[in-house]
Structure formats: structure tokens, C-alpha cells
Amino acid sequence: MDAALARLSSELRGTLVLPGDESYDDARRVWNAAIDRRPAAIARCAGANDVVRAVDFARSHGLPIAVRGGGHSFAGKSTCDGGLVIDCSPIKQIEVDAVGRRARAGGGCTLADFDGATQAHGLATTMGTAPPTGIAGLTLGGGLGWLMGRFGLACDNLVGAEVVTADGRVVRTSPTERPDLLWGLRGGGGNFGVVTTFEYRLHPVTTVLGGVVTYPVDRAADVLRLYRDVTATAPDELTAIGGILPLATGPAFGIAVCWCGDPGPGERALAPLRRLGGLLEDTIRPIPYLEMQSLLSPPPMRIGSYARSSFLSELSDGAIEVMAARAVVPTPVISVFFLEELHGRANAVEPGGSAFSHRARGHNFAVMAMWLDPADADVAAALVRDFFADMAPFLASGVYSNYLGDEGDARVRAAYGPAWDRLVRLKRAYDPDNVFRLNQNVTSE
Ligand SMILES: Cc1cc2nc3c(=O)[nH]c(=O)nc-3n(C[C@H](O)[C@H](O)[C@H](O)COP(=O)(O)OP(=O)(O)OC[C@H]3O[C@@H](n4cnc5c(N)ncnc54)[C@H](O)[C@@H]3O)c2cc1C
């Protein structure tokens, strides 16, 4: 194996990092510090050819493959013990066609890379809300973000891709070339290959009306009802997230918003957020889109994290009472929970139109606890599980695959919902041996 790894290393344009190398501990690290795995090797790929070599190598030596973009998988799916990590993070080229409003971005770009390059042209497309997240995992799972009400999810703006398949071919997909594969990349996760280039549709976005209103936590029930009222009639331009928010400045209770349309109607739509008594802080104002994208940035230090999430069947008074009761209880670890509403273009895809299948207007609920000291991991997980159990009567069966942990086959099926059967057929066509299985896995049986 040592000789084979040495040969692989010499064939790569990027670098192969092995146990014992000085950079090994850095290279094997992922965002969630609770995940501590020791791959046999990490191929830091410089482009599609490196990925082809890495896939061939892992297959011929019977090594499991983990594929990494930005390393932000909650479940730690982008690393493994004893296998080969195909690390796409060095693949960062970005080309913006400002006239055609298209961007081609390497599979290792973070949101910060992508937003920075597209904003230089006054353009953007929906991405997530935390700049270090990878565009790859985010887009392949769906991609919820501040622009989704007006422009759809990240995956809805994916118009093409270059993919290294399980049999080591480099293929293109677009609405006219292998459209079945493009359908699967729009929400089917990393099941069908390693995406080395993503091509997106872009939209003119420069300044948005954005920020947060925060309230004392003992106003939680009133504030969550306000969130419900405002989102119930929200125009497509408004996206709101309510709860104990992971603000870049630290957790705070409130409602964060982004209005990405004309400011006049935006000010009118947002006015009710300020009318509730007890307002602590109101940062909503016209801001550059890049500032909006940093509002919910997680702390830069290494934190362990445990999360649960589900779509709600309805944001009822009962659900609000449970969240409000939880909000006031001090917790021994940092904990946040939030609701994010999907409406407008995020729901405008016809049934079966993409592998992401949660298209009903409604709210996604997520609860997460984080720790710096690994000794707090169990307390944090128990806290999340208890909160989630309290919410059980109000939860729908569907769950967003990108917020899923290791929660068993039934939850994976719930994440893919009605798209499951078609995903299985696609898996048989593109990856019949399930080479790409370290993900929210579509099994081909
Ligand atoms: C702090 C934080 C904030 C987040 N905020 C949001 C948010 O606002 N909106 C949202 O929708 N989600 C959000 N998420 C969830 C996020 O979308 C997922 O965790 C996503 O998987 C991260 O993508 P990544 O490339 O960084 O992850 P990785 O851990 O690198 O990859 C996750 C999985 O994606 C697949 N994958 C990665 N790269 C490739 C590739 N090049 N080709 C094929 N498959 C690949 C693999 O299956 C891999 O297991 C957030 C997560 C975190 C930790």
C-alpha cells in the first residue's frame, strides 16, 4: 500500500497527505469538532484529473471514499476512518459571465469565495448564510439562504456541472446533456459523483435591507407569533429566520431578515417587526449583500456541534409555547434554535422537478447545541434530543438532508421524500456499486 500511495502522490497535481505528515492533522479536520476521524490518505485534488485518479485508486484498493467540499457537514460525512478523502477544497477557480449572468465555480469554493467573486459584478445567487460553508455540499443538498424567496434555492439556480463519476469518467450535465443527472444534483447530495465545477444562474443583487431585531427572551412567545404573522404574508423578496439566532456577535433571541427588492415596499413589510414592546436592538438597514451574508457567521474557533431538525407540519400556538418555554431555560452549553420559512420561488418548482422535494410553503425548525470542551458533548446532545422530543407533536415527516445527522435509514428516506424512487434509479445508472456512500445515502437496492 505504501508504494501504491507513493505512486498516487506522484501522479497528482495536488498533494496527497498521509498519516505522519506534518499537515495531516490540519488536513483531516472538519468543521464539527465532534468528528475526529483518521483517513488512510487525503487527496487534496487540484482539478478533475486528480479526482479521477483518486476515485480509480480508491476503487482498485477497496478503500471507502469520503468527498469534501467545505467540510461543513453536520454529520461529518466528508471524512472517514481508514479510507480516502477526496478533498476538493483546492478546486477554487471562479469565472463570472456578467453579461450572461452565469458563474462557473470549482467544487471547493466556499460561500465567501463565491459571493466575493460574483458581488464584484453586482450579481449573486442564493447560497447559505455562513461564509465558510462549501457551495458543494450546500447546493447538492438544496441550499437555503437569504435570497431563496425571490430566486429559489441554490440547487434551483444550478444550470450545469462537471462531474467525475464512479467509473472515473468526467461528464458534463446541463438541461440538454444528461438532464437526469442535473435533476439528481439538485438535492440528491453527493450520491452520483464528485462535482468539480458548478454552473449557476446569477441575479442582480447589491444592497439589501437586512439585519436583526432582538428582544428579551421572556418575550419569546410574542416574538415567534410576530415571526409567524410577518412570514405568513411575506412577499417573495423577504426571507426571515426567527429564534435564538447564531449571530456573528453571539447568540441572541430575535428575527433576522433580508429584503432583496425595492427598499420602499421592504420598509413597509418590515415595519411590524419593530412594533412589539421591549425591542432591544434593531440593526435592519440597507447593507451590502456581503454584510448580509456574514450576519449569521459561526465563531471561527473549533466547536463541537449536535443538531436536529425537521420541517413543521404547522407553526401552531402549541409549537410556539414549546419553543418559548425552552428559550428561557439557561443551558450549560451554547444552544440555538431557529425557524426558517420557505416560500415564493423556493416553493415554485413543480412536484418531481428536482431531487429536493420539500416544496410546500412552511417552516423548517432546527435546534443545535455547541461546545468547546468535549466533556460537554453528552449534555449538549441530551439537550437537543429533549427539545426535539418536545417538538415532536408539531413536526412533519420531512427533514432537510443538509441538516441531518446520522439518524438512520428512515430519516434519510424522509429527507428525499417523494424523490426517493427516481433517486434509486439514478443511483443504479451512475453508481451501481455505491462507491459514493459516505453521504445521506441513496442505496441502489
Ligand atoms: C455553520 C453552518 C451553517 C450552515 N448554514 C446553512 C445554510 O444557511 N443553508 C443551508 O442550506 N445549509 C446550511 N448548512 C448546512 C450545509 O449546507 C451542509 O452542512 C453542507 O453539506 C455543507 O457543505 P460542505 O461542502 O461545506 O460540506 P462537506 O462536509 O465538505 O460535504 C458534505 C457532503 O457533501 C458532498 N460533497 C461535498 N463536496 C462535494 C463535491 N465536490 N462533489 C460531490 N459531493 C460533494 C459529500 O457527500 C459530503 O459528504 C450549514 C452548516 C453549517 C455547519
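When a ligand or atom number is given, it counts from 1 through the structure's own listing order.
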*Please indicate whether any nitrogen or oxygen in Gly69 is less than 3.5 Å from any nitrogen or oxygen in ligand 1.*
yes
*Report yes if Ser73 has an N/O atom closer than 3.5 Å to an N/O atom of ligand 1; otherwise report no.*
yes
*asked:* For Asn347 and His358, which I'm curious about, is there any donor-acceptor pair between the side chains at under 3.5 Å?
replied: no
_Taking Arg28 first and then Asp36, would you say they form a salt bridge - that is, a charged N and a carboxylate O separated by under 4.0 Å?_
yes
*Tell me, which protein residue and heavy-atom name are nearest atom 5 (N) of ligand 1, and how many Å apart are they?*
Thr129 OG1, 4.1 Å
_Option with minimal heavy-atom separation from atom 3 (C) of ligand 1, where the choices are Ala136, Ala130, Gly189, Ser305_ = Ala130
_Arg53 vs Leu12 side-chain heavy atoms within contact, under 4.5 Å_ = yes
*How far is atom 24 (P) of ligand 1 from its nearest protein heavy atom, and which residue and atom name does that atom have?*
Gly70 N, 3.5 Å
*Of the protein's non-hydrogen atoms, which lies at the shortest distance from atom 36 (N) of ligand 1, and what is that distance?*
Val67 O, 4.0 Å
*Which protein heavy atom lies closest to atom 15 (C) of ligand 1, and at what distance to 0.1 Å?*
Asn402 O, 3.6 Å
*Considering only heavy atoms, which of Arg68, Met127, His72 lies nearest to atom 27 (O) of ligand 1?*
His72
*Rounded distance [0.5 Å steps], CH2 in Trp146 versus OG1 in Thr126*: 12.5 Å
*Look at atom 34 (O) of ligand 1 and say which protein heavy atom is nearest, naming residue and atom and giving the distance to 0.1 Å.*
Gly137 CA, 3.5 Å
*Can Gly141 be said to touch ligand 1, with heavy atoms closer than 4.0 Å?*
no
_atom 29 (O) of ligand 1: the protein heavy-atom neighbour that sits closest, reported with distance to 0.1 Å_ = Ser78 OG, 2.6 Å
*Under the 3.5 angstrom rule, does the side chain of Asp282 hit a backbone N or O of Ile284 as a donor-acceptor pair?*
yes
*asked:* If the test is side-chain contact (heavy atoms from CB on, under 4.5 Å), which one of Asn441, Val442, Val55, Asn191 qualifies with Phe436?
replied: Val55
*Distance to 0.1 Å, residue and atom name: give those for the protein heavy atom nearest to atom 42 (N) of ligand 1.*
Val195 N, 2.8 Å
*May I ask you to list the atoms of ligand 1 that are less than 4.0 angstrom from any heavy atom of Tyr403?*
7 (C), 9 (N), 10 (C), 12 (N), 13 (C), 14 (N), 15 (C)
*Could you tell me whether some N/O pair between Asn439 and ligand 1 is separated by less than 3.5 angstrom?*
no
_Taking atom CZ as the centre, does Arg13 end up with more than 12 heavy-atom neighbours from other residues, nucleotides or ligands that are less than 6.0 angstrom away?_
no
_Ring centers of Phe114, Tyr200 separated by less than 6.0 Å_ = yes
*Protein residue, atom and distance nearest to atom 43 (C) of ligand 1, heavy-atom basis*: Gly193 O, 3.2 Å
*Nearest 0.5 Å, what's the OH-OG1 distance between Tyr430 and Thr165?*
8.5 Å
_ligand 1-proximal atoms of Phe436, by part, heavy-atom distance under 4.0 Å_ = neither
*Under 4.0 Å from any heavy atom of Gly190, which atoms of ligand 1 are there?*
44 (N), 47 (O)
*Just wondering, more than 12 heavy atoms not from Asp378 lying within 6.0 Å of its CG?*
no
*Distance filter under 4.0 Å to Leu144 heavy atoms, resulting ligand 1 atoms*: 7 (C), 8 (O), 9 (N), 10 (C), 11 (O)
*So, is Gly134 polar-close to ligand 1, with some N/O to N/O distance under 3.5 Å?*
yes
*Within a radius of less than 6.0 Å around CG of Asp373, do more than 12 heavy atoms belonging to other residues, nucleotides or ligands occur?*
yes
*Determine whether any heavy atom of Phe192 lies closer than 4.0 Å to an atom of ligand 1.*
no
*Evaluate whether atom CZ of Arg345 has more than 12 neighbouring non-hydrogen atoms of other residues, nucleotides or ligands under 6.0 angstrom away.*
no
*With a cut-off of 4.0 Å, which atoms of ligand 1 are near a heavy atom of Gly128?*
7 (C), 8 (O), 9 (N)
*Assess the pair Phe337 and Phe387: is the distance between their ring centroids shorter than 6.0 Å?*
yes
*Show which atoms of ligand 1 fall inside a sub-4.0 Å distance from at least one heavy-atom site of Leu438.*
47 (O), 49 (O)
*asked:* I'd like to know if Arg104 pairs up with Glu95 as an ion pair, taking the criterion as any Lys NZ or Arg NE/NH1/NH2 lying under 4.0 Å from an Asp or Glu carboxylate oxygen.
replied: yes
*Does ligand 1 have an atom under 4.0 Å from some heavy atom of Tyr400?*
yes
*Short N/O distance, under 3.5 Å, between Cys88 and ligand 1?*
no
